[in-house]
Amino acid sequence: MRKPVIAGNWKMYKHPAEAAGFLHDLAPLVDASSQVDIVVCPPFVDVAAAVDAARGTNIAIGAQDLFWLKEGAYTGEVSAPMLVAAGCGWVIIGHSERRQYFGETDDSVFKKTVAALDAGLTPIVCVGERLEEREAGMTENVLATQFAGGLSGLTPEQFAHVVIAYEPVWAIGTGRTATPEMAGQAHHFLREQIAVRFGDDASQTTRILYGGSVKPDNIKGLMAQEDLDGALVGGASLDPVSFAAIVNF
Ligand code: PEP
C-alpha cells in the first residue's frame with residue numbers, strides 16, 4: 001500500500017505571518033486525515049513561522065528548492081542541512097518553473113536529490129513535458145530523459161526515499177488539467193522506467209504524485225487512477241479550505 005501525499009507548493013506567495021495564519025486555519029480541517037501525508041512548502045523566509053505553527057499537527061513543512069552543497073560562498077543559496085535544521089522534512093526539486101526560469105537541469109536535479117537524501121529530507125522530484133513536446137508525441141521520451149538524468153544514478157537505497165511528481169508543464173497554473181487517463185498513462189510509463197532501473201518492488205512502492213491545476217473538484221477522478229498516489233498542488237494550496245478539501249478527497 002502506498003500512502004498518498006498531498007503537497008502544497010506556495011511558489012512565491014505569502015509572508016511569514018500569512019503562513020502562520022494559514023496553518024492555524026488548515027490544521028483543524030485536516031486533523032482526521034491520518035491516511036495522507038500532508039506537506040506544505042512555503043517560500044524559504046516563511047519556513048520558521050510555518051514550522052512553528054505546524055508543531056503538534058499532522059502537517060509537515062517542506063521547501064521549494066535547495067542547493068546541493070552543504071555550505072560555502074554561494075550567495076542566495078540554502079542547503080539541505082540548513083532546511084533540516086529549520087524543521088523541514090521535505091523538499092521539491094526540479095519544478096518546471098525552476099527548469100524554465102532558473103536553469104535547472106537534469107544534472108542539477110540529480111545533485112540536489114542526492115543532497116536532500118543525504119540530509120534526510122524526502123525529495124519530491126518533478127518531471128513533465130511541455131505542450132509542444134506532448135503535441136509532438138514526445139511525452140514518454142521527455143519523461144525517460146528526465147528520469148535517466150535526474151534519478152537513475154541514485155542507488156536503490158537512495159531511490160527508496162524518493163517521491164516523484166508528474167507535472168505536465170502545460171497544466172501548471174493554466175486551469176487545464178490532464179485527464180485522469182492521461183495522468184494514469186504517464187504514471188504507468190514512469191513505473192515502467194522505475195522497474196527497469198530499480199526493479200519491480202521499487203516500481204510498486206514508489207509514490208508518484210500528479211501536479212497541474214489540481215482542485216477540489218478534480219482530485220477524486222485523478223485519485224481513482226491506480227498508479228497515482230496524490231498531488232502536488234499550486235494555486236489551490238493557497239487557500240486552507242480548498243487545500244483541505246483536496247487533502248480530504
Ligand atoms: C505546481 O506549482 O506544482 C502546480 C501544479 O501548480 P497549479 O496547481 O497551480 O497548476
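Keep in mind it's a predicted model, so treat the numbers as computed, not measured. Order of appearance sets the numbers: ligands from 1, and atoms from 1 within every ligand.
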Worksheet item: Quick one: does A171 get a heavy atom under 4.0 Å from ligand 1?
Response: yes
Fill in: Close side-chain approach of F198 and S203, heavy atoms under 4.5 Å
no
Practice prompt. Compute the shortest N/O to N/O distance between G235 and ligand 1 and return yes if it is under 3.5 Å, no if not.
Written response: yes
Worksheet item: What protein heavy atom sits nearest atom 1 (C) of ligand 1, and how far away is it?
Response: H95 NE2, 3.2 Å
Worksheet item: Any N or O on N9 sitting closer than 3.5 Å to an N or O of ligand 1?
Response: yes
Discussion item. Is there a polar contact between ligand 1 and E97, counting only N or O atoms under 3.5 Å apart?
Written reply: no
Discussion item. Quick check on contacts: which atoms of ligand 1 are under 4.0 angstrom from a heavy atom of G211?
Written reply: 5 (C)
Practice prompt. Identify, by atom number and element, the atoms of ligand 1 in contact range of K11, meaning under 4.0 Å from any of its heavy atoms.
Written response: 1 (C), 2 (O), 6 (O)
Worksheet item: At under 4.0 Å between heavy atoms, which part of I172 makes contact with ligand 1: side chain, backbone, both or neither?
Response: both
Worksheet item: Considering residues at least two apart in sequence or located in another chain, which fulfil the ring pair (Phe, Tyr, Trp, His ring centres under 6.0 Å) criterion with Y13?
Response: none
Response to the item:
Which of D227, D200, T206 passes side chain to side chain donor-acceptor pair (under 3.5 Å) with R191? Answer is D227
Discussion item. More than 12 heavy atoms of other residues, nucleotides or ligands under 6.0 Å from CD of E132: yes or no?
Written reply: yes
Practice prompt. May I ask you to test the K70-M82 pair for a side-chain heavy-atom distance under 4.5 Å?
Written response: no
Worksheet item: Quick one: which ligand 1 atoms are inside 4.0 Å of a heavy atom on S213?
Response: 7 (P), 8 (O), 10 (O)
Worksheet item: Do M223 and P4 come close enough that some side-chain heavy atom pair is under 4.5 Å?
Response: yes
Fill in: Of the listed options G173, P168, G234, closest to atom 10 (O) of ligand 1 (non-hydrogen atoms)
G173
Item to complete: Answer with yes or no whether A236 contacts ligand 1, where contact means a heavy atom under 4.0 Å from a ligand atom.
Response: no
Worksheet item: What about W10 and F22, are their ring centers closer than 6.0 Å?
Response: yes
Worksheet item: Does A17 offer a backbone N or O that forms a donor-acceptor pair with the side chain of H15 under 3.5 Å?
Response: no
Response to the item:
Here the atoms of ligand 1 under 4.0 Å from any heavy atom belonging to G212 are 5 (C), 10 (O)
